[in-house]
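For reference, the structure discussed in these notes is given below.
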Amino acid sequence: MNELRQASDRAVMTEVVLPGVVEPAGLQIRQRPVPVPGPGQVLLVMEAAGISFAEQQMRRGKYFDQPPFPFTPGYDVVGTVADVGPGDDAALVGRRFAALTKTGGWASHLLVPAADLVEVPAGVDPAEAETLVVNGITATQMLHRVARVRAGQTVLVLGANGGVGSTLVQLARRAGARVIGTASLRHQEAVRELGAVPIDYRTHDLGAEVRKIAPDGVDAVFDHIGGEGIVTSFGLLAPGGTLVSYGTASTRDVEGSAKWPVLKVVGRLQLWNALPNGRHAHFFNIWAGKRRADAFRARLRADLTEVLTLLADGAITPQVAARVPLSRAAEAMTLAESGTVTGKVVLVPDTAGEGDREGLGESPA
């Protein structure tokens with residue numbers, strides 16, 4: 001424990017900075033002294049940090065409530081505690097935790113509220129655990145807390161090869177549901193191996209293909225695309241079915257307001273809920289309820305612990321698209337945005353990633 005603290009005292013940290021609206025190559029690598037944790041904080045040494053759709057939107061200035069530029073991205077992280085703030089529990093030092101951060105995770109060291117830590121089970125690979133932090137929380141809460149999917153039901157997962165989508169497929173199958181998953185042709189075998197019936201949304205009419213499999217409609221649709229396609233998603237619901245919208249990927253590259261695409265989707269969902277159509281529509285926000293901090297943290301900790309336990313038990317398979325050294329974040333972002341990978345691109349410390357660069361420049365699917 002003392003060795004970790006002494007090393008952090010001597011160290012200079014590395015962080016990735018998003019200076020403004022830039023292409024991936026515009027990400028900056030900076031160094032500064034390692035920060036000292038204050039009361040209620042821990043110093044976390046990053047072992048894995050993910051690249052999710054949120055960061056892709058942030059670099060375009062399109063994430064709904066991102067901070068002003070410049071800032072360090074990084075929605076979630078897995079790492080080992082190197083130090084704790086004055087009066088805090090020294091027993092945390094040397095243990096591995098996951099945390100949902102929204103920003104700040106793309107750094108070799110970062111300060112995290114101790115109350116936000118969720119312990120990673122012993123023996124679990126940090127990068128594999130990382131793929132299930134924001135993705136696992138999102139998937140399990142949408143599936144069980146919002147749509148309340150039950151055994152025997154049929155669900156549609158858009159983008160079933162993505163980070164959230166691949167997790168949703170596995171959790172829905174564990175719940176006993178039949179899963180239909182959209183994916184381009186190159187990813188269909190990977191989606192099939194996860195347990196879903198794949199549909200190529202690019203070459204087939206989505207509605208017609210889903211109706212062939214589920215003539216009466218599906219019990220839940222999980223839609224990260226938004227835009228006009230949300231109308232098709234809602235129309236595929238069976239009576240009593242639930243649409244869960246959790247993103248606006250279709251407008252990622254559209255100029256204009258970051259908030260308008262989300263507000264437009266939310267407005268539509270509210271209208272559909274008000275109509276006597278027997279169907280339900282929700283917009284999922286992982287940060288909903290955060291003002292009630294204790295309840296929010298308890299719910300998040302319970303859900304993430306459950307998902308990480310499934311990972312440790314081998315009940316779900318992590319989808320690591322690539323492990324890329326932190327200093328090569330621009331390449332990692334380019335890969336994550338390419339649409340060529342299954343699962344999640346993960347940043348790792350430079351020394352850990354130098355010999356493990358699978359996925360760069362090619363599709364593993």
Side-chain angles (χ1 to χ4, degrees), residues 1-52 54-61 63 65-88 90 92-117 126-127 130 133-134 323-334 336 345-354:
M1 292 184 185
N2 287 335
E3 291 177 358
L4 278 169
R5 285 198 177 100
Q6 290 168 4
S8 66
D9 288 342
R10 297 191 302 268
V12 173
M13 66 171 283
T14 300
E15 62 185 359
V16 180
V17 175
L18 186 54
V21 177
V22 295
E23 292 301 313
L27 291 170
Q28 300 175 355
I29 306 297
R30 298 182 184 174
Q31 292 189 324
R32 62 183 178 88
V34 171
V36 177
Q41 293 181 319
V42 303
L43 175 65
L44 203 66
V45 177
M46 185 274 284
E47 294 179 275
I51 299 180
S52 62
E55 290 96 357
Q56 297 174 36
Q57 288 181 301
M58 286 178 185
R59 81 160 184 84
R60 295 168 170 84
Y63 189 75
D65 59 351
Q66 69 186 72
F69 297 115
F71 64 90
T72 294
Y75 216 86
D76 54 359
V77 65
V78 170
T80 297
V81 174
D83 201 0
V84 299
D88 290 313
L92 296 175
V93 175
R95 291 159 60 186
R96 177 175 292 148
F97 293 92
L100 193 65
T101 53
K102 186 179 282 189
T103 60
W106 293 6
S108 62
H109 301 71
L110 63 155
L111 298 179
V112 178
D116 289 344
L117 298 176
E130 206 292 322
V133 183
V134 65
R323 305 169 193 243
V324 184
L326 181 66
S327 64
R328 299 173 64 189
E331 295 173 65
M333 177 71 94
T334 299
V345 177
V346 179
L347 294 171
V348 295
D350 279 60
T351 52
E354 286 303 311

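- Rounding to the nearest 0.5 Å gives a distance of 5.0 Å between CG of Leu92 and CZ of Phe97.
- Minimum interatomic distance between Gln66 and Gln57 (heavy atoms only, all atoms of both residues): OE1-O, 4.0 Å.
- Contact of the Met58 side chain with the Leu18 side chain is registered, since non-hydrogen atoms from C-beta on lie closer than 4.5 Å.
- Put simply, the side chain of Thr72 gets close to the backbone of Val16: a donor and an acceptor are under 3.5 Å apart.
- Judged purely by atom type and a 3.5 angstrom limit, Gln41 has no side-chain atom pairing as donor or acceptor with the backbone of Gly85.
- Here the closest non-hydrogen pair linking Ile51 and Ala336 is CG2-CB, 3.6 Å.
- Residue Pro70 comes nearest to Pro19 through the heavy atom pair CB-CA, 3.9 Å, listed as atom of the first residue, atom of the second, then distance.
- Note that CD of Glu47 and CG of Leu347 are 14.0 Å apart. Values are rounded to the nearest 0.5 Å.
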Given Leu111 and Leu44, is the side chain to side chain contact (heavy atoms under 4.5 Å, CB included) satisfied, shown in steps? CA-CA 6 Å; Leu111 298 179; Leu44 203 66; over 6 Å; no
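- Taking CG of Leu27 as the start and CD of Glu331 as the end, the distance is 11.5 Å to the nearest 0.5 Å.
- Under the 4.5 Å side-chain criterion, counting only non-hydrogen atoms from C-beta, Leu43 is in contact with Pro35.
- To the nearest 0.5 Å, the span separating OG1 on Thr101 from CG on Asp116 amounts to 9.0 Å.
- Val42 places a side-chain heavy atom less than 4.5 Å from the side chain of Leu117.
- Residues Arg323 and Val348 share a closest heavy-atom pair of CB-CG1, 4.2 Å.
- Counting heavy atoms from C-beta on, the side chains of Val21 and Arg59 never come closer than 4.5 Å.
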Evaluate side chain to side chain contact (heavy atoms under 4.5 Å, CB included) for Leu326 paired with Thr14, printing each intermediate quantity in order. CA-CA 8 Å; Leu326 181 66; Thr14 300; 4.2 Å; yes
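- At a threshold of 4.5 Å between non-hydrogen side-chain atoms, the residues Val324 and Val345 count as touching.
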So Phe69 and Val17, side chain to side chain contact (heavy atoms under 4.5 Å, CB included) or not? Walk me through it. CA-CA 9 Å; Phe69 297 115; Val17 175; over 6 Å; no
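- Taking 4.5 Å as the limit, every side-chain heavy atom of Pro37 sits out of range of all side-chain heavy atoms of Val84.
- Between Val45 and Ala82, the shortest heavy-atom contact is CG2-CB, 3.7 Å.
- Looking at Pro33 and Met13, their side chains never come closer than 4.5 Å, going by heavy atoms from C-beta outward.
- In this structure, OH in Tyr63 is found 5.0 Å from NZ in Lys102, a value given to the nearest 0.5 Å.
- Scanning both residues, Phe71 and Pro73, for their nearest heavy atoms gives O-CD, 3.5 Å.
- Between the side chain of Trp106 and the backbone N or O of Gly50 there is at least one donor-acceptor pair closer than 3.5 Å.
- In this structure, Asp76 CG and Thr103 OG1 are separated by 11.5 Å, a value rounded to the nearest 0.5 Å.
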Show your reasoning for whether side chain to side chain donor-acceptor pair (under 3.5 Å) applies to Glu15 and Ser108. CA-CA 6 Å; Glu15 62 185 359; Ser108 62; over 6 Å; no
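- Inspection of the Ser52 and Glu55 side chains reveals an N or O donor paired with an N or O acceptor under 3.5 Å.
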